[in-house]
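Encoded as structure tokens, the structure appears first; notes follow it.
Here, residue 1 is the first one in the sequence, and each next residue gets the next number.
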Amino acid sequence: MTPLMLLPLLTPVLASLFSLVVGWRRLSAVATLGSALTILGCGVTLGFRVGDRAHLALDGLLRADALSVTMLIVIGVVGSLATWASIGYVDAELAHGVTDRRGARMYGVLTPAFLAAMVLAVSANNIGVVWVAVEATTVVTAFLVGHHRSRAALEATWKYVMVCSVGITIAFLGTVLLHFAALHAGAGAENALHLDVLLAHAAALDPAVTRLAGALLLIGYGAKMGLAPFHTWLADAHSQAPAPVSALMSGVLLSVAFSVLIRIKPIIDAATGPAFLRAALLATGLATLLIAALLLTVTGDLKRLLAYSSMETMGLMAVAAAAGTRLAIAALLLHVLAHGVGKTVLFLAGGQLQAAHGTTAISEITGVLGRSRLVGGAFAVGMVVLLGLPPFAMFASELAIATSLADARLAWALAVALVALLVAFAALMAKSGRILLGTPSTDGPAILVPATVAAALVTGVLVSVALGVTAGPLTSLFSTAATQLGGL
């Protein structure tokens, strides 16, 4: 079992070191893709090995349970699509002088390092190590956001670093307070931050200290998720990062931060009662939903449109976590996977549209479906996934979330969420319709697609369709995770 738990962490680290030595080469890019596929393969294998057991541990350092396995699968799927597309994406940038060999080398080093940091964040058995891993994702992605070195990219980088650093500092304070509470509840100093130890002592934690710790952790990791009021970095960073990086950030990084919150929620609930975090998650989730819906109606930028839709998704997931039932948690895990794949397809397609038009202004990108069947078709499928229409998986997950909110006697929250979702739905429909079906200009540029980007787009569409038809054995994995996380 040890290799299966270590490989998802070691292979991207080795790929990063390989890229550092040899620079951007086809072989180093394939090594990064191989590390992402290794993460996916180990996640799937661990899913069968874990079953309904509480978790598998590696000397108390790493853990494999249903939640961490689910997140490994999400990281593996999104990472494989994004790194596959990166091969053609970076090669095209080099060919057109958009980046140089130094920039490409940095991209090749940082992308697998980004994967490794996310794997550590979801696999660590110590919330202090989780904090370090999440902070590492901020450091690594800051350089990726500023990859193009333009004025706008540098501004987005600094905003991202400042906001997320403030958030992660607040999360650090929450971690310290939780450690303090665990020590006074009888936990040993050397393992007071281990998840197993915290869960064992949760009922004995001081309620006042734990309540403050929970609030700080929600603010800190919520900032990394893009929850209001710390959402201001999200659209700038996603709009300026290279398309595959935007796919990784939107499709999986936000969900990694969210997985930390639902991981610690049972600990906080046991000490303070479920009402405290429920109220906090509802307030931040609904506020985020409403703000995202309004921003979707006014934005005229394609990549910002996709970023605000990610913000909307995070808000809905926070509301689902507030319900806290087994159905709600299982549904939001399906939502995480389906959103990750759909959003990756959209960002990769959007990256090709940006490359062809030299802009992400929606007013300049029209009639795509008639000009490129591949990019237009992939964008259309990704948008249908994002809109939560049948037969795709987000339709089932959103329906289950709505049912769980009603069962949890949160009909008022469901009503507010539905209003926000309807506004967002209308905005996304109108703007994606213009992109796909609008009248193209007579001198519209050709939309060229590198082979690896095309392969990633087709694969992403097929995965989205497969998830819509059936979640297969993942259903059992999601249910097990929901039970282990305290869902009733």
Taking all heavy atoms of [X] and all of [Y], pick out the closest pair and write down the distance.
X	Y	value
L428	S432	O-OG, 2.6 Å
V256	A121	CG1-CB, 3.8 Å
T32	S19	OG1-OG, 4.2 Å
A320	A328	O-CB, 3.5 Å
V90	A104	CG1-CB, 3.7 Å
S165	T169	O-OG1, 2.7 Å

Can you find a pair of side-chain heavy atoms, one from [X] and one from [Y], that are under 4.5 Å apart?
X	Y	value
F395	L389	no
L316	H335	yes
R151	L154	no
L195	R263	yes
L282	L410	yes
I262	F258	yes
I73	L477	yes
F143	V245	no

Sequence neighbours left out, what pairs pass salt bridge (charged side-chain N to carboxylate O under 4.0 Å, His left out) with at least one residue falling in [range]?
range	answer
residues 128-141	none
residues 153-170	K159-D236
residues 74-94	R26-D91

Just by distance, do the side chain of [X] and the backbone of [Y] share a donor-acceptor pair under 3.5 Å?
X	Y	result
Q352	L448	yes
W131	I168	yes
H357	L353	yes
S150	A153	yes
S397	M394	yes
R278	A322	yes
S16	V109	yes
T452	G88	yes
K431	T299	yes
R371	T366	yes

Partner set under side-chain hydrogen bond (donor to acceptor under 3.5 Å, both in side chains) for [X], not counting sequence neighbours:
X	result
T157	none
T360	D301
S86	Y107

Measure the spacing between [atom1] of [X] and [atom2] of [Y] and express it to the nearest 0.5 Å.
X	Y	atom1	atom2	value
I401	L414	CD1	CG	10.5 Å
T70	I329	OG1	CD1	11.5 Å
M311	S250	CE	OG	12.5 Å
L248	T111	CG	OG1	7.0 Å
S255	L333	OG	CG	9.5 Å
E398	L334	CD	CG	10.5 Å

Exercise answer: donor-acceptor pairs, residues 463-475 side-chain atoms, under 3.5 Å, sequence neighbours excluded:
unit_1 : atom_1 : unit_2 : atom_2 : d
S464   : OG     : G460   : O      : 3.1
T470   : OG1    : G472   : N      : 3.0
T475   : OG1    : G472   : O      : 3.3

Between D407 and S404, does a side chain to side chain donor-acceptor pair (under 3.5 Å) hold up when you go through it step by step? CA-CA 5 Å; D407 291 343; S404 65; over 6 Å; no
Contacts under 3.5 angstrom, residues 288-298 side chains, donor-acceptor by atom type, not counting sequence neighbours:
unit_1 : atom_1 : unit_2 : atom_2 : d
T288   : OG1    : A228   : N      : 2.8
T288   : OG1    : T284   : O      : 2.6
T297   : OG1    : L294   : O      : 2.5

Would you please test L115 and M118 for side chain to side chain contact (heavy atoms under 4.5 Å, CB included) and show each step? CA-CA 5 Å; L115 294 175; M118 290 192 290; 4.0 Å; yes
Could you pull out every donor-acceptor pair under 3.5 Å between side chains of residues 340-351 and any protein atom, sequence neighbours left out?
unit_1 : atom_1 : unit_2 : atom_2 : d
K343   : NZ     : L306   : O      : 3.2
K343   : NZ     : S309   : OG     : 2.9
K343   : NZ     : S310   : OG     : 2.5
K343   : NZ     : H339   : NE2    : 3.0
T344   : OG1    : G340   : O      : 2.6

Looking at residues at least two apart in the chain, or sitting in another chain, which of them share a side-chain contact (heavy atoms from CB on, under 4.5 Å) with A400? L327, A331
Could you go through H148 and Q240, starting from their C-alpha distance and side-chain angles, then the distance that decides it, and tell me whether this counts as side chain to side chain contact (heavy atoms under 4.5 Å, CB included)? CA-CA 8 Å; H148 291 132; Q240 295 302 318; 6.0 Å; no
Kindly determine whether T480 and D65 satisfy side chain to side chain contact (heavy atoms under 4.5 Å, CB included), including the steps that lead there. CA-CA 9 Å; T480 300; D65 59 12; over 6 Å; no
Within residues 215-229 or reaching into it, pairs that qualify as side chain to side chain donor-acceptor pair (under 3.5 Å) - sequence neighbours excluded: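 Residue pairs passing side chain to side chain donor-acceptor pair (under 3.5 Å), neighbours aside: T137-K224, T138-K224, Y160-K224.
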For F276, all residues meeting ring pair (Phe, Tyr, Trp, His ring centres under 6.0 Å), sequence neighbours excluded: none
Criterion side chain to side chain contact (heavy atoms under 4.5 Å, CB included) on F392 and V384, from CA distance to verdict: CA-CA 8 Å; F392 295 101; V384 172; 3.5 Å; yes
